[in-house]
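Below is one structure, written out as C-alpha cells; comments come after it.
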Amino acid sequence: MAKFQKVQGLELNSLPKNMEFPEVETRLQETWAREKLYEFDESSSKPTFAIDTPPPTVSGSLHVGHIFSYTQTDIMARYQRMQGKNVFYPMGWDDNGLPTERRVQNYFHIRCDANQPYEPGLELEPILSTMSEKELQEKRLPQKNLSRKNFIEHCHRLTVQDEELFKKLWSRIGLSVDWKLEYATIDDHSRKLSQMSFLDLFKKGHMYQVQAPTLWDCDFQTAVAQAELEDRELPGAFHDIEFEVEGGGNFTIATTRPELLPACVGVTYHPADPRYASLKGKRAITPLFGAPVPIFPSELVQMDKGTGILMVCTFGDQTDVQWWRENKLETRQIIGKAGLMIPVQFGTKEFPSTNPDFANACFAKIQGRNVKQSQKLVVEMLGQPGANGKVALKAPPKPIQHAVKFYEKGDRPVEFLITRQWFARLLDKKEKLLEYGSKIKWHPEFMEVRYKNWTENLGIDWCVSRQRFFGVSIPVWYPLDDKGVIQYDKPMVPTVDQLPVDPMSDCPEGYTEAQRNKPGGFVGESDVFDTWFTSSITPQLGSHWELNPARHKKLFPMDMRPQAHEIIRTWAFYTIAKAMLHEEKIPWKHIVISGWVLDPDRKKMSKSKGNVVTPTAHIDEFGADAVRYWSGLARYGSDTTFDTGIMKIGRRLAMKIFNASKFSLQSSADAGDVTEPLDLAFLAKLRAQCEDAAKAFEAWEPASALMETEKFFWSNFTDSYVELVKSRSLGEKATDAEKRAKASAVHALRFGVRTFLKLFAPFLPYTTDEAWRWAFTDESASVHHARYPSAADFAGIECGNPEIFDTAMAAQAAVNQQKTHSKVSIARAITHIKLKAHPETIKNLTIVKGDVCGATKIEKLEMVEDATQEKNAFAIEHIEYGPDLKA
RNA sequence: UGAAGCGUAGCUCAGUGGUAGAGCAUCCCCUUCACACGGGGAAGGUCGCAGGUUCGACACCUGUCGCUUCAACCA
C-alpha cells in the first residue's frame, strides 16, 4: 500500500484559476536546475540509459524541426528516468566545420587568408549590425582578410553566442538534458578524442594518404566525401563531335562536357558494338587539340546511349577515373582548384599534339576561364573549321535534363581533381558494416534499408581531410629532405598524451620550431578533418573512451541514438564504422529516426526554401507543453505537418489536467479506503491503461502511449468518472455509509490524478510537475523522479469489474443524449425515467445506480429488463423533467 | 531504373481478418458549484483503383496509379 498513499486536500482558492504557462515554465526551469533533477550520477550503480544526443549545427537560426525531434528524444529520456534509470543525456554543439565558417564569414564579412599576419586582440564587430544584407551586397565591400588564428578566434566568438540561443530554447521546451555534460565538437576534449581516433585507425592500418583523383568543390576549395554529394537536375546538352582515326577514318562521340576535350586521354566503346570493333587498338586524334589517344573497348559503355562511343577525360566523372585507372591512361588535368582552366602547353610530353600551334591557340582562349565559359568557347571553336579544315561539331547541341553531382552545400558541380588526401579504408569492409548495422535495432525498422542501400553502393573510401581552417587538425607532420621536398610517405604522428596538437604550431618529437619548413626539418599538416570524423565518435566523446575505461564501460554502447533520416549515410554510417574499427562494437543498441517537419503544403521545411517556422512564437502562444504535445504525437520516422491546431489541443489537454487535478485535490474531504464498486471498477480500468502505456514505450512507440493515455483520461476520467462521483465526493454527508462512500471517491480521484500526472509527465513536464508539487511530494519531490505507473502501484487494491464502469458511462451518455435531444440543460433534474436494457446491463447499473443518478440528476430511476437489447444500450421508455430553475 | 514509406471524413491522423474511429473544422444545444482556455450532441467516408484469397478484406496477396523519400544512372 506504500504507493497508494492518501493525500491531504488543498485550499482551492489558493490555486490559480488557470494554468499560467509562462510563469510556471520559468519557475519550474529554475526549480529543476536548483534541484539538479536531470544530472547523471557517474558513481551510481543503477542501470544507465545513455543517449547519443545529436549535436546541432550552431547556425544562428532555430526552427521547429529542432524542437520536434529533440522533444521526441526528451520524452524517451523522461520515461526511462521514471523507470529508475540513471539517464545519461548530454548536449553537444557541432560548431566545427564549413557551415560555421560560412556563417562567420558572412556575419563579420571576413575571410581566412593563411598568409595574413596574426593581429592579437582583434575583435571585429558584426557587419550585419551596421547594415542590412542587401546594403552589404549593393556596396560590394571587400571582405577583410584575417589570419588563420584571427579567423578561428572569430569562429569561437560567434559559436559561443549562437550556442546560448540554442541553450535557451532547449531549456524552454523542457529538455531534461544534463548541462554538466555539455560539449562542443571543437573543444579540447573533442579534438583530443578525434585525434586519438585517427591515431588508433592509423596504427591499425585503416588510414591511408594518397595523391589521387578526389571529389573537389571549387567554391570552398576543399575535398569532399561521397556522402556529402547530392544530385541536382540541370539542363545540359549532348554535343556530337567528330574525332579522326590515326591512319585514316573518323567517328563521332557524344559528350555533355565538350570543355574537357583538351583533357581527353582516351576513347572507348562497348566490346560487342560492331560499329566500332574495327577501331580496337588504334589511336584517335582529338579535334582542335590534335592529341593522339588510345581507343579501347569497355563493358561499362552503353551502346544505345549517345553515339555509343565516348571520350575519356581526366576527369569528367567517376567512370572516367575508373577507365583512367584500369587502362593506365595519361593524366591531363586542365581544371585548377578554383575551377578555372590552368595554363597548359600543347606539343609537350604531357600534352602531345599533332598541331601544337593550333592547339595552343585554341587553349589560350579558355585558359583562366571557368568551366561554363570554357564550354561555350570550345563549342564555338568546334563549330569552326579545325586544323584539318573540317568542322568537328556534327550537329547542334541536343538539350537534355540530367543529374549532376554537387557538394550539398556548394553552388557549382564537383570536379575530380588530383590532390593529396587522407582516406579511411571502408570499401573492403562493406559486409562487416552491413552486419554491424543489422545488430542495431532501427526504429522504425524500415529505416535500416537506407543504411543498407548506402553501404552496398559505397564507391569511394571515406575522404577525411578537408582544406579548411575551423576544424580539428589532422595530427601529422612530414619530414623535409635535404632539398626541402616533403616526404609524404613518412608521416610523423604524436603520442596520445600530447593530444590535442596543432601541427601548424606544435612541433613533432625530435624537432624544434626553428626547423619548420626548412630542408632537413619538417612541415605540419595544414588540413583538418571532415566534421563527420569528429561527429562519428559522439558516443565516445560522452563515454570518454580510453581516457576513462570505467565510464566507457558503463555507457558504451549507448542505448539510443536519435537522428534524422537524411544523415543515415553520414552520421549513422560513420558512427557505426568508427565503433567497428575501434573496438569491434556497435555504438548503440537502438537508433531512432525522426521524421521531418513539413510545412502546411507538405514540403520539407528548410532554410533554403524560406518556409521555416520559428519556434519561440508558438511556445509563447500555446505553451511549451502544447508544442511538446504536437511533437509527442508524431510517430518515429514519419514526416509531420506543422499544425498549430494540434498545439491548441495540447494546450487544452494541459489545461484540463491542471483543472482536473485542482478539482480532485480540493480540501473539502479526507481520503478513505476505496470501497465503492464504481471507484474500484475505475481503478481496474486505470490499471490496464498504465500497463498499456508502458507497453507502448517499451515497444518504442511513445506516440501511442500519449494517444491512448489522452483518450482514456478524457473519456473515462474527466468526462465520466469525475462527473459520476462529483455529487458523492462533494458536500457534507450525514450517515457513516455516506461518509465512507465519499472518502472512497475522494481517494480514488486523488489516486487517479497522481497516476495521470505520472503518465503524462514525459510529454507535458511543466503542467504535470506543477500539479504534482501541490500534493504528491510524499512520493518524490518532482513527478519527474517518480516511478512510471505500473500494476505494482495497485498492489493491495481489490480492483473491481471494469464492465460496471462501462455500464455507468453508457447510462450517463444515454441520458445526456436524451437531454440534448430534448434541448434541456444537462443540469436539469429528471423526476422520473424508465430505462429498458439487457438484464446483465440492468444488473451492473443497479450496482452503480447512485452514482449514475447523481451525475444525471435522476430522482426516480425505473429499470426494465429486455433481453433483445444489446449490452450497455439503453432505450428510454419514459422521461419527466423537473422544473427549469432558470425560468 | 530499383527500393522504401504513405494514400482512411473538409483538415491532421489512429486503426483491426468480423457493423468504419478520434480530434479539429462545420451545424445545433447548454453560462453546469475544476475548467466557456468549458460541457452535451448532430452531420460527415464505396478506407487511391482493379483483381485474387476468405463465410467475411479497409486490413492478407498480386497488379496498378499518385505523393514523398532513398539509392542507381550521369559519357
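Just so it is clear, the model here is predicted, and its values are computed rather than measured. Just so it is clear: chains get the letters A, B, ... in the order the sequence lines come, proteins before strands, and each one is counted from 1.
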How close or far is atom [atom2] of [N] from atom [atom1] of [X], stated in whole angstroms?
X: Leu633(A); N: C24(B); atom1: CG; atom2: P; value: 13 Å
X: Lys430(A); N: A71(B); atom1: NZ; atom2: C1'; value: 12 Å
X: Phe713(A); N: C35(B); atom1: CZ; atom2: C1'; value: 10 Å
X: Gln401(A); N: C73(B); atom1: CD; atom2: P; value: 19 Å
X: Trp454(A); N: A3(B); atom1: CH2; atom2: P; value: 20 Å
X: Phe21(A); N: C35(B); atom1: CZ; atom2: P; value: 16 Å
X: Phe712(A); N: G23(B); atom1: CZ; atom2: C1'; value: 19 Å
X: Glu723(A); N: C35(B); atom1: CD; atom2: P; value: 12 Å

Does [X] reach a base, just sugar-phosphate, or nothing at all? Heavy atoms under 4.0 Å.
X: Lys823(A); answer: sugar-phosphate
X: Met447(A); answer: nothing
X: Val312(A); answer: nothing
X: Thr268(A); answer: nothing
X: Gln302(A); answer: base
X: Val301(A); answer: base
X: Glu456(A); answer: nothing

Any [X] side-chain nitrogen or oxygen under 4.0 Å from OP1 or OP2 of [N]:
X: Lys648(A); N: U12(B); value: no
X: Arg652(A); N: C24(B); value: yes
X: Ser825(A); N: U31(B); value: no
X: Lys452(A); N: G2(B); value: no
X: Lys604(A); N: U69(B); value: no
X: Arg635(A); N: G15(B); value: yes

Q) Could a donor-acceptor pair under 3.5 angstrom be found where the side chain of Asp639(A) meets the base of C6(B)? A)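 Flag unset: no donor-acceptor pair detected.
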Q | Any donor-acceptor N/O pair under 3.5 Å between A14(B) base and Glu708(A) side chain | A |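 Side chain to base: no pair present.
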Q | Donor-acceptor pair, side chain of Lys742(A) and main chain of Gly731(A), under 3.5 angstrom | A |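 Answer holds: yes.
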Distance between the [atom1] atoms of [N] and [M], in whole angstroms?
N: U64(B); M: A72(B); atom1: P; answer: 25 Å
N: G21(B); M: C55(B); atom1: C1'; answer: 26 Å
N: U53(B); M: C60(B); atom1: C1'; answer: 8 Å
N: G66(B); M: C28(B); atom1: C1'; answer: 39 Å
N: U8(B); M: A59(B); atom1: P; answer: 14 Å
N: G45(B); M: A36(B); atom1: P; answer: 35 Å
N: C61(B); M: U68(B); atom1: C1'; answer: 25 Å
N: A25(B); M: G15(B); atom1: P; answer: 23 Å

To the side chain of [X], which of [options] is closest?
X: Ile826(A); options: U68(B), G5(B), G40(B); result: G40(B)
X: Asp231(A); options: A36(B), C70(B), C74(B); result: C74(B)
X: Arg569(A); options: U12(B), A71(B), A34(B); result: A71(B)
X: Asn457(A); options: A71(B), C74(B), U19(B); result: A71(B)
X: Asn816(A); options: G41(B), G39(B), A14(B); result: G41(B)
X: Ile646(A); options: U12(B), G39(B), G15(B); result: U12(B)
X: Ala827(A); options: C35(B), U32(B), G39(B); result: U32(B)
X: Gln817(A); options: U19(B), A42(B), C70(B); result: A42(B)
X: Asp719(A); options: C74(B), G40(B), U69(B); result: G40(B)
X: Trp596(A); options: C73(B), U69(B), A34(B); result: U69(B)

Ring-ring centroid check [X] [Y], cutoff 6.0 Å:
X: Trp442(A); Y: Tyr636(A); answer: no
X: Phe622(A); Y: Phe21(A); answer: no
X: Tyr407(A); Y: Trp216(A); answer: no
X: Phe642(A); Y: Trp630(A); answer: yes

Q.
Please compare Glu870(A) and Ile649(A) by the position of their nearest nucleotide in RNA chain B and report the one closer to 5'.
A.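 It is Glu870(A), whose closest nucleotide lies nearer the 5' terminus.
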Q. Is the shortest distance from a Lys or Arg side-chain nitrogen in Glu415(A) or Arg257(A) to a carboxylate oxygen in the other one below 4.0 Å?
A.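 Salt bridge flag = yes for Arg257(A) with Glu415(A).
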Q) What are the two closest non-hydrogen atoms of Tyr881(A) and Gln818(A), and how far apart are they? A)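 What the structure gives for the nearest pair is OH-O, 3.7 Å.
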**Q.** Atom of Lys656(A), atom of Phe713(A) and distance for their closest heavy-atom approach
**A.**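 In terms of heavy atoms, the two residues are closest at CG-CE2, 3.9 Å.
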Q: Could you check if a side-chain atom of His565(A) sits within less than 4.5 angstrom of a side-chain atom of Arg450(A), using non-hydrogen atoms only?
A: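 Yes; the side chains approach each other to less than 4.5 Å.
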